[in-house]
Trainee: 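My questions will all concern the structure given below.
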Amino acid sequence: MKAFQLVASGQGEVRDVEVPEPRAGEVLVKVAGAGVCHSDLHLLRTQVLPYPMTLGHEPAGHVAALGPQVTGWTVGEPVICYIVWGCGLCRRCAAGAENACERFPRGMVPGPGLGHPGAMAEYLVAPARCLVPLGRLDPVDAAPLADAALTPYHAIDRCRALLTPSATAVVIGVGGLGHMAVQILRAVTSSRIVAVDVDESRLAAARGYGADDTVPAGPDAAARVLGLTRGLGAEVVLDFVGTDGTLALGASVVSSYGHISTVGLAGGSLPFPAAAVGLPWGVTITKPYGGTRADLHEVLALAAAGRIRATVERHPLSAAMSVLKRLEAVEVTGRAVLVP
Ligand code: NAD
Ligand code: ZN
Ligand code: ZN
């Protein structure tokens, strides 16, 4: 089969590889769509995994074959794949929070395209417990739900109590994850949503997804957000970028006893002074990873009800490298999905 593999730093290519065989407890999935995440760009630029590495951690497709003793799945059934493959046995995994698996207390919990062969290929092998039926959802359009919706859903769920009707949520970066975050906030809360991006067209799109206000990133952004919140700041800041600049913006606009969720992995850092100045009192700063298996079911329920929908650009697998370049150049609208 064809698979898009990282072969060296900054270098990826479509190669011929063996179709994987599902073992006990595993299912072979014929990939219909594989979303392209900004994390794939981080993986392209910085080696954290051994080469060659098949990328792709937003998989959806159809069940193609069952490993020995696997039951409960029908060949041809459309499925999406939960992408954080913990040990399946520890306390956290037992609760469905494989994204916090105790087997990986510090490093990244692996998943497809994140340590295991990924979805930018014709076939993918996945643990049977990590598949979820898609029902009537189209697998290509649904693929981004596996990460671009799961991760913001999880981040939002962790601070849901703060998201009251009088509260404000700031979404920084309205790309693949951010455009889903705005829709999820709209669907599960009545809070005011303020979207921030460097790109004007993203801000216009954000209004369509349900943002109440938009603010261009830049030196005036903090004052603009504070102006929208009577100077009090936002109860929740969701940062889908993660540079020094966006972290500083979050710190400047979060309210006292507010919550900053740093989802973006651009490598920025934020001073955390134990002092009466700097961050407001009572602030929580979190660094969530992916979501839980239960979160994926909630995301699919939102999608099935038509409350959230990824804006999808379809591209052939052979275009993987050029799609990554377009993502880097902020040229992708919504989420790019590779169709093998
Ligand atoms: P994307 O490229 O689709 O979107 C990024 C958006 O941020 C774009 O709209 C861009 O215009 C905007 N942006 C860039 N710089 C900005 C700035 N200074 N201020 C405001 N907006 C700015 O990326 P994506 O796929 O949505 O991923 C976003 C980040 O989340 C990446 O760093 C990715 O690695 C990370 N991520 C983390 C997790 C996790 O579990 N923690 C999961 C998935 C992705
Ligand atoms: Zn991702
Ligand atoms: Zn575990």
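Note that ligands are numbered from 1 as they come in the structure, with each ligand's atoms numbered from 1 the same way. Predicted, not measured: the structure shown is a model, and the values here were computed from it.
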Trainee: Is there side-chain contact between Asp40 and Met120, with at least one heavy-atom pair below 4.5 Å?
Mentor: yes
Trainee: Sorted by first residue and then second, give each side-chain hydrogen bond (donor to acceptor under 3.5 Å, both in side chains) pair with at least one member in residues 230-249; sequence neighbours left out.
Mentor: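 Qualifying pairs, neighbours excluded: Asp239-Thr246, Thr243-Thr246.
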Trainee: Would you call Gly242 a ligand 1 contact, heavy-atom distance under 4.0 Å?
Mentor: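 Not so, Gly242 does not reach ligand 1.
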Trainee: Given that the side chain starts at C-beta and the backbone is N, CA, C, O, which of these parts of Ser39 lies under 4.0 Å from ligand 1, counting heavy atoms, or is it both or neither?
Mentor: both
Trainee: Heavy atoms only: which of Asp244, Leu177, Val263 is nearest to atom 26 (O) of ligand 1?
Mentor: Leu177
Trainee: Other members of the hydrophobic cluster containing Leu89, with the 4.5 Å side-chain heavy-atom rule, please.
Mentor: none
Trainee: Quick one: how many protein N/O/S atoms are under 2.8 Å away from the Zn ion (ligand 2)?
Mentor: 3
Trainee: Quick one: does Gly245 get a heavy atom under 4.0 Å from ligand 1?
Mentor: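 Outside the 4.0 Å threshold, so no.
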Trainee: Side chains of Thr292 and Tyr82: is there a donor and an acceptor less than 3.5 Å apart?
Mentor: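 No, no side-chain donor-acceptor contact under 3.5 Å.
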Trainee: Which protein N, O or S atoms sit under 2.8 Å from the Zn ion (ligand 3)?
Mentor: Cys87 SG, Cys90 SG, Cys93 SG, Cys101 SG
Trainee: List every atom of ligand 1 that sits less than 4.0 Å from any heavy atom of Gly173, numbering the atoms from 1 in the order shown and giving each element.
Mentor: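 Those of ligand 1 that fall under 4.0 Å from Gly173 are 6 (C), 7 (O), 12 (C), 21 (N).
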Trainee: For ligand 1, is His179 a contact, meaning one of its heavy atoms is under 4.0 Å away?
Mentor: no
Trainee: Considering heavy atoms of the protein only, find what lies nearest to atom 27 (O) of ligand 1 and give residue, atom and distance to 0.1 Å.
Mentor: His38 CB, 3.3 Å
